[in-house]
S.K.: 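My questions all concern the structure below.
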Amino acid sequence: MELIVSEKYNAAERIAGILSKDSATRETVSGVTVFKWGGTYCMGLAGHVVKVDFPDEYNDWGSVSPASLVDVEITKRASKPDIVSALNTLASEADRVIIATDYDREGELIGKEAYDLVRAVNDTAPVDRVRFSSLTGPEVRNAFEDPDEIDFDLAAAGEARQRIDLRWGASLTRFLTLASNQRGDGFISVGRVQTPTLKLLVDREREIEDFDPDDYWEIYADLGQTLDGDSFEAQYFFLNDQENEAERLWDEETANAVYRDVDDASEATVETVDESTRNDNPPIPFNTTEFIKAANAIGYDAKPAMNVAEDLYDDGYVTYPRTDNTVYPDDLDPRELLETLSEASPFEADAEALLDQESISPTAGETETTDHPPIHPTEDVPKKKALKGREWEIYELIVRRFFATLADAATWRKLRVDVDVEGHSLKANGSRLVDPGYHAVYPYYDTGETTIPAVAEGDALQIVESRLDEKQTRPPNRYGQSQLVEKMESLGLGTKSTRHNTIEKLYDRDYVTGNPPEPTDLARKVVSATEEYGAHVASAEMTAQLEADMTAIADGGTTLDDVTGSSREMLEDVFDDLQRARDEIGELLRAEIDESDSVGDCPECGEPLLPRQANSGSRFVGCNGYPDCEFTLPLPNKGRPHILDELCDDHGLHHVKMIAGSKTFVFGCPRCQQRDAADTDDRVIGDCPECHAREGGELAIKRVHSGSRLVGCTRYPDCEYSLPLPREGEIEVTDDVCGDHDLPEVVVHQEDSSPWQLGCPICNYERYKN
DNA sequence: GCAAGGTC
């Protein structure tokens with residue numbers, strides 16, 4: 001017996017129909033419908049039927065540290081038990097198995113998963129792989145006549161993605177969730193695709209908030225043959241330094257001066273009249289992104305649009321809606337499809353008009369793939385009554401887009417008139433649609449015309465009215481859903497099948513609200529936390545790197561283990577930083593800030609000031625309003641900060657104690673410490689042994705940001721030479737000079753103890769080292 | 001309860 005395995009039910013049905021010449025019968029195996037003819041069975045999977053996961057004992061978030069997910073083995077288990085069971089049953093009896101999953105990377109992995117399942121119950125039957133670019137008779141028959149082998153390297157590339165996504169996503173999600181004491185469905189989710197997508201929205205929101213508008217002016221005049229007849233609008237322009245045409249005046253004085261001239265004048269003289277013809281080419285075929293964009297324009301969000309398209313596909317009315325392809329395959333005969341569509345009354349006239357064109361040559365986009373054709377209607381045309389309102393609306397959009405890709409270009413007549421007013425130039429642009437071309441069958445684009453009357457060079461026109469508009473530059477707009485899908489596509493984030501789902505997920509997780517999606521406070525905090533501590537997962541760069549690695553795996557240039565191994569090392573480093581900053585991250589993410597955690601109110605914005613730790617490990621007091629407010633104060637790096645009840649008389653801030661075992665000490669008011677540090681002028685005590693000969697660097701006693709002191713080179717950061725000094729006590733620089741190092745001897749005066757003869761800082765450091 | 005990717 002021979003077994004054919006395809007990626008989905010619909011494909012299995014088509015393949016069975018083609019290969020059996022429609023003689024295949026249905027049978028049910030383990031509750032799954034399969035197709036049978038002669039000695040052949042054909043079954044469809046449902047995409048991935050196995051799932052990567054951690055071992056069961058790692059499912060308890062409470063008892064397993066998120067960091068341990070970095071190293072634990074990843075297992076696979078059946079996620080579609082019925083289908084796996086049907087495959088087992090059929091595969092165990094098969095003498096030959098043919099993998100016919102989609103012709104793309106994920107299809108190769110799904111095929112390899114089926115191969116593993118087959119091999120578990122049957123270690124002898126040969127397993128072949130067939131690849132075809134469309135589910136049509138010639139393509140499919142061709143592929144089965146000349147079968148190939150599974151590309152295990154390509155499948156391994158897909159598996160690398162699975163493993164890396166699971167490890168990073170699950171471990172970081174658990175870490176952030178637990179660190180912020182979130183419970184239940186309030187978990188804080190991050191991932192390679194969703195977090196950079198969210199960051200796009202947050203970054204744009206930051207841009208909008210930070211936007212500083214500029215004033216500018218525009219000048220308009222309404223011109224007519226007579227003062228009370230028809231008029232048209234002309235706009236002032238000038239040539240800027242680059243000799244480009246500009247309409248915006250950035251200087252109020254100039255704007256007023258030009259406007260006075262125009263306003264005082266009563267006539268304009270026509271200088272030039274330019275007439276031209278512009279071709280307006282029809283749009284490219286629908287891939288998923290183009291479809292979502294068009295559906296968006298008629299009021300559908302990304303996810304609902306895809307849901308309707310998937311329903312239409314299931315009913316057989318349109319081709320597969322998840323595709324990157326923008327080039328119709330050779331086996332699509334547009335004329336034949338037009339004839340079929342013309343038999344359906346609502347489209348008859350438009351289809352006939354297209355069939356009457358001199359030639360029919362479809363447009364094509366830049367992306368051509370091998371798995372599915374661009375979205376187009378099938379030969380099976382539904383009656384309008386058979387569909388719900390939304391379904392018909394989307395179906396009509398797909399039919400009309402197909403029409404548009406076959407239609408002629410539209411032609412516009414453009415008219416440009418330049419006039420002179422007192423030495424100033426004004427222009428008017430008119431446009432008229434002389435041949436509607438594809439617009440006749442695709443009425444979704446604006447074809448508004450701007451009319452300008454016939455004028456000739458040298459004509460004098462009346463200035464009916466003039467206007468000085470004061471305007472301001474505006475911040476960028478938020479991303480709309482379809483723009484976001486396009487941006488994701490250009491960055492390689494997600495796939496045709498997932499982008500709309502990822503956006504939906506951002507809504508479900510309370511990361512965005514409204515439309516266009518606006519990021520919530522939680523989203524800003526999650527993005528800030530991941531930017532600071534797990535930057536790789538917040539950046540689209542991770543995907544770019546993964547794509548490159550997957551290509552290398554597929555080409556045999558590297559291996560799955562190498563790629564996942566170095567990814568794990570990187571994740572380990574991320575966790576080193578995360579563990580150190582766990583408390584700070586928790587505070588950052590927690591919705592309500594506990595007053596007892598705060599040093600006081602930020603003098604700049606009033607938000608609570610909180611002890612934090614940077615990626616580098618260094619501690620500081622930061623404003624909870626970050627990143628909007630960047631106010632900080634120093635903290636020592638040694639020990640954990642503890643907020644005391646005692647308040648500073650000068651600044652009203654709590655004193656801070658640093659808990660560090662026997663080295664525990666009271667740091668005091670961070671603001672006083674900052675002031676004192678700033679007041680301490682660097683005292684030069686000698687030459688830098690590292691760089692004085694070459695660069696003239698000198699050694700000075702310094703107090704650094706954290707409040708600790710050192711002897712360091714004045715050329716820091718170019719020269720990093722430094723020697724330690726004690727934190728506490730007043731430092732006296734004596735006149736005694738060390739014979740070995742030519743530096744003064746130092747004495748430290750501490751409260752409650754006799755002076756500490758520290759001596760030459762270099763000698764002191766040598767002793768300390770030993 | 002975690003990701004992203006298939007598909008239903």
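Within every chain, numbering begins at 1; the chains are lettered A, B, ... in the order of the sequence lines, protein sequences first and strands thereafter.
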S.K.: Pick the nucleotide of DNA chain B nearest each of A:H372 and A:W168; which residue has the one closer to the 5' end?
M.R.: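 Nearest-nucleotide comparison on DNA chain B picks A:W168.
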S.K.: Using a heavy-atom cut-off of 4.0 Å across all strands, would you classify A:D53 as base, sugar-phosphate, or nothing?
M.R.: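 Counting heavy atoms under 4.0 Å across all strands, the contact made by A:D53 includes a base.
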S.K.: Within this structure, what is the CD-to-P distance between A:E108 and B:dG5, rounded to whole angstrom?
M.R.: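 Going from A:E108 (CD) to B:dG5 (P), I get 18 Å.
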S.K.: When you check the side-chain N and O atoms of A:T564 and A:R163, is any donor under 3.5 Å from an acceptor?
M.R.: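 Distance-only check fails for A:T564 and A:R163.
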S.K.: State which of B:dA4, B:dC2, B:dT7 makes the closest approach to the side chain of A:A170.
M.R.: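 Out of B:dA4, B:dC2, B:dT7, the nucleotide with an atom closest to A:A170's side chain is B:dC2.
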S.K.: Just compare B:dC2, B:dA3, B:dT7 and give me whichever is closest to any side-chain atom of A:F187.
M.R.: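 Per side-chain heavy atoms of A:F187, the pick is B:dC2.
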S.K.: Taking CD1 from A:I110 and P from B:dC8, how many angstroms apart are they, rounded to a whole number?
M.R.: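 So the two atoms are 11 Å apart, to the nearest Å.
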S.K.: Select base, sugar-phosphate, or nothing to describe what A:G494 touches, counting heavy atoms under 4.0 Å on all strands.
M.R.: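 Sugar-phosphate contact only - A:G494 comes under 4.0 Å of backbone atoms but never of a base.
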S.K.: Find the distance A:K8:NZ to B:dG6:P and express it as a whole number of Å.
M.R.: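 Atom NZ in A:K8 sits about 10 Å away from atom P in B:dG6.
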S.K.: For residues 535-553 of chain A, which residues have at least one heavy atom under 4.0 Å from DNA chain B?
M.R.: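 Result for residues 535-553 of chain A: none.
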S.K.: Taking atom NZ as the centre, does A:K487 end up with more than 12 heavy-atom neighbours from other residues, nucleotides or ligands that are less than 6.0 angstrom away?
M.R.: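 Count not over threshold, so no.
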S.K.: Kindly say if A:T495 contacts the phosphate of B:dG6, meaning a side-chain N or O under 4.0 Å from OP1 or OP2.
M.R.: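 So the side chain of A:T495 is within the cut-off, an N or O lying under 4.0 Å from OP1 or OP2 of B:dG6.
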S.K.: Under 4.0 Å, counting only non-hydrogen atoms across every strand here, what does A:V49 touch: a base, just sugar-phosphate, or nothing?
M.R.: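 The residue A:V49 makes no contact with any strand.
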S.K.: Side-chain N or O of A:T177 less than 4.0 angstrom from OP1 or OP2 on B:dG1?
M.R.: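 Negative; the distance criterion is not met.
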S.K.: Heavy-atom nearest nucleotide on DNA chain B for A:N10 versus A:V193: which residue maps closer to 5'?
M.R.: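 So the residue in question is A:V193.
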S.K.: Are any of A:Q162's side-chain N or O atoms less than 4.0 Å away from OP1 or OP2 of B:dA3?
M.R.: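 Answer is no, no contact under 4.0 Å.
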S.K.: Under 4.0 Å between a side-chain N/O of A:T498 and OP1 or OP2 of B:dG5, yes or no?
M.R.: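 For B:dG5, OP1 or OP2 has a side-chain N or O of A:T498 closer than 4.0 Å.
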S.K.: Once you round it to whole Å, what is the distance between C1' of B:dA3 and CG of A:L198?
M.R.: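 After rounding, the gap between these two atoms is 15 Å.
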S.K.: Please tell me whether A:D371 and A:T369 have a donor and an acceptor in their side chains that are separated by less than 3.5 angstrom.
M.R.: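 Yes, a side-chain donor-acceptor pair sits under 3.5 Å.
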S.K.: Calculate the interatomic distance between A:E113 atom CD and B:dA4 atom C1'; express it in whole Å.
M.R.: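 Distance check: A:E113 CD to B:dA4 C1' gives 13 Å.
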S.K.: Separation of A:L506 atom CG from B:dA3 atom C1', in whole Å?
M.R.: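 Whole-Å distance recorded here is 13 Å.
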S.K.: Name the atoms and distances for all side-chain donor-acceptor pairs under 3.5 Å in residues 303-314 of chain A, with sequence neighbours left out.
M.R.:
residue, atom, partner, partner atom, Å
A:K303, NZ, A:N501, OD1, 2.4
A:E310, OE2, A:R322, NH1, 2.7

S.K.: Write down the distance between CZ (A:R499) and P (B:dG5), rounded to a whole number of angstrom.
M.R.: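 Atom-to-atom, A:R499 to B:dG5, this comes out as 8 Å.
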S.K.: The test is salt bridge (charged side-chain N to carboxylate O under 4.0 Å, His left out); show your working for A:D128 and A:R96 and say whether it passes.
M.R.: CA-CA 8 Å; A:D128 292 331; A:R96 182 184 176 218; 2.8 Å; yes
S.K.: At their closest point, which heavy atom of A:V512 faces which heavy atom of A:L201, and how far apart are they?
M.R.: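 In terms of heavy atoms, the two residues are closest at CG1-CD1, 3.6 Å.
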S.K.: Taking OP1 and OP2 of B:dG5, is either one under 4.0 Å from a side-chain nitrogen or oxygen of A:R192?
M.R.: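 For B:dG5, OP1/OP2 do have a side-chain N/O of A:R192 under 4.0 Å.
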S.K.: Counting heavy atoms from C-beta on, name the nucleotide in B:dC2, B:dG5, B:dC8 closest to the side chain of A:S189.
M.R.: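 Between B:dC2, B:dG5, B:dC8, the one nearest the side chain of A:S189 would be B:dC2.
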S.K.: Using a cut-off of strictly less than 4.0 Å, decide whether A:S497 has a side-chain nitrogen or oxygen near OP1 or OP2 of B:dT7.
M.R.: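 Indeed, a polar side-chain atom of A:S497 lies that close.
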S.K.: Give a yes-or-no answer on whether the side chains of A:T326 and A:E290 include a donor-acceptor pair shorter than 3.5 Å.
M.R.: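 No donor-acceptor contact under 3.5 Å links the two side chains.
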S.K.: Is a side-chain donor-acceptor pair under 3.5 Å present for A:H48 with A:E106?
M.R.: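 Yes - a donor-acceptor pair under 3.5 Å links their side chains.
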S.K.: What parts of residues 304-326 of chain A reach DNA chain B, counting only heavy atoms under 4.0 Å away?
M.R.: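 Those residues whose heavy atoms fall under 4.0 Å from DNA chain B, taken from residues 304-326 of chain A in numerical order, are A:Y320, A:R322.
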S.K.: Above 12 or not: heavy atoms from other molecules or residues under 6.0 Å from CD of A:E57?
M.R.: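 Yes.
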S.K.: Locate the shortest heavy-atom distance separating A:E159 from A:L560; write the atom from each residue and the value.
M.R.: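 Between these two residues, the closest heavy atoms are C-CD1, 4.0 Å.
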S.K.: Testing the 3.5 Å rule here: is there a donor-acceptor pair between the side chains of A:Y511 and A:Q194?
M.R.: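 Looking only at side-chain atoms, A:Q194 and A:Y511 do not form any donor-acceptor pair under 3.5 Å.
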S.K.: Does B:dA3 have OP1 or OP2 under 4.0 Å away from a side-chain N or O of A:R509?
M.R.: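 Checking B:dA3 against A:R509, a side-chain N or O does come within under 4.0 Å of OP1 or OP2.
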S.K.: What is the distance from NZ of A:K505 to C1' of B:dA4, rounded to the nearest Å?
M.R.: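 Rounding to the nearest Å, NZ of A:K505 and C1' of B:dA4 are 6 Å apart.
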S.K.: Considering every strand and a 4.0 Å limit on heavy-atom distances, what is the contact class for A:N59: base, sugar-phosphate, or nothing?
M.R.: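 Result for A:N59 = base.
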